[in-house]
There are 2 protein chains.
Amino acid sequence: MPRVVVDVLLKSEILDPQGQAIERALPRLGFDGISDVRQGKHFELTVADDVADPEDVVRRVADTLLANPVIEDFTVSLVS
Amino acid sequence: MPRVVVDVLLKSEILDPQGQAIERALPRLGFDGISDVRQGKHFELTVADDVADPEDVVRRVADTLLANPVIEDFTVSLVS
């Protein structure tokens, strides 16, 4: 059965306080040279074999339930 | 500059109530044939060009800050 991944991130123009908090913490933990940290949501779903177009179904699920299209963008990819 | 993605998911033996809540909601929204929904965290980070091994650095960041190795697994991939 196909496994589909959805990754959701805030739109680039939207402030990402979680990403910024991580970015500020990294030098204190000894990690230099890392910037533009963005944090979002990662989903994995299994789609039944009898579903004609798994990516399309999951794209509609993402649009409906997994992401807020007003402030978030998402990508859908078939992984297996 | 390299862009690296980290995806964090609960270990498979750990209960995923968020994923289960989504899975139960899908049929009510008209989406059938979707199972084993898992929700996790998605990170994107930019690593400076002078960092020798970006994936290794980000793997250590993930181990230290982005994931809880006791209950979570993570994958690191270089995307650009």
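Below, chain A is the first sequence line, B the second, and so on; all start at residue 1.
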>> Is Asp50(A) in contact with chain B via its backbone, its side chain, both, or neither, using a 4.5 Å heavy-atom distance?
In response: neither

> Picking from Ala25(A), Ala48(A), Gly33(A), Pro54(A), which has the most non-hydrogen pairs under 4.5 angstrom with chain B?
Replying inline: Gly33(A)

>> Please tell me whether Val57(B) and Leu29(A) are part of a single hydrophobic cluster in this structure, the criterion being side-chain heavy atoms less than 4.5 Å apart.
In response: yes

>> Let me confirm one number: the CG-CZ distance from Leu65(B) to Arg28(A), rounded to the nearest 0.5 Å.
In response: 9.5 Å

> For atom CD of Gln18(B), is the number of surrounding heavy atoms from other residues, nucleotides or ligands below 6.0 Å larger than 12?
Replying inline: no

> Looking at Val4(A), Val61(A), Val51(A), Val47(A), which one has more heavy-atom pairs under 4.5 Å with chain B than the rest?
Replying inline: Val61(A)

>> Please classify the contact between Thr64(B) and chain A as side chain, backbone, both or neither, with a heavy-atom cut-off of under 4.5 Å.
In response: side chain

>> So which residue, Val6(B), Asp7(B), Val37(B), ends up with the most heavy-atom pairs under 4.5 Å with chain A?
In response: Asp7(B)

>> Is Phe31(B) close to chain A through its backbone or its side chain, or both, or neither, when contacts mean heavy atoms under 4.5 Å?
In response: side chain

>> Heavy-atom pairs under 4.5 Å with chain B: which of Val5(A), Leu26(A), Leu9(A) has the most?
In response: Leu9(A)

> In terms of hydrophobic clusters joined by side-chain contacts under 4.5 Å, are Leu10(A) and Val70(A) together?
Replying inline: yes

> What residue among His42(B), Gln39(B), Lys41(B) forms side-chain contact (heavy atoms from CB on, under 4.5 Å) with Lys41(A)?
Replying inline: Gln39(B)

> Linking I/L/V/M/F/W/Y whenever any side-chain heavy atoms sit under 4.5 Å apart, do Val8(A) and Ile14(A) land together?
Replying inline: no

>> What part of Arg3(B) gets within 4.5 angstrom of chain A, counting heavy atoms only: side chain, backbone, both, or neither?
In response: side chain

>> Can you tell me which portion of Ile34(B) sits under 4.5 Å from chain A's heavy atoms? Options are side chain, backbone, both or neither.
In response: both

>> At a 4.5 Å cut-off on heavy atoms, which part of Ile22(B) comes close to chain A: side chain, backbone, both, or neither?
In response: both

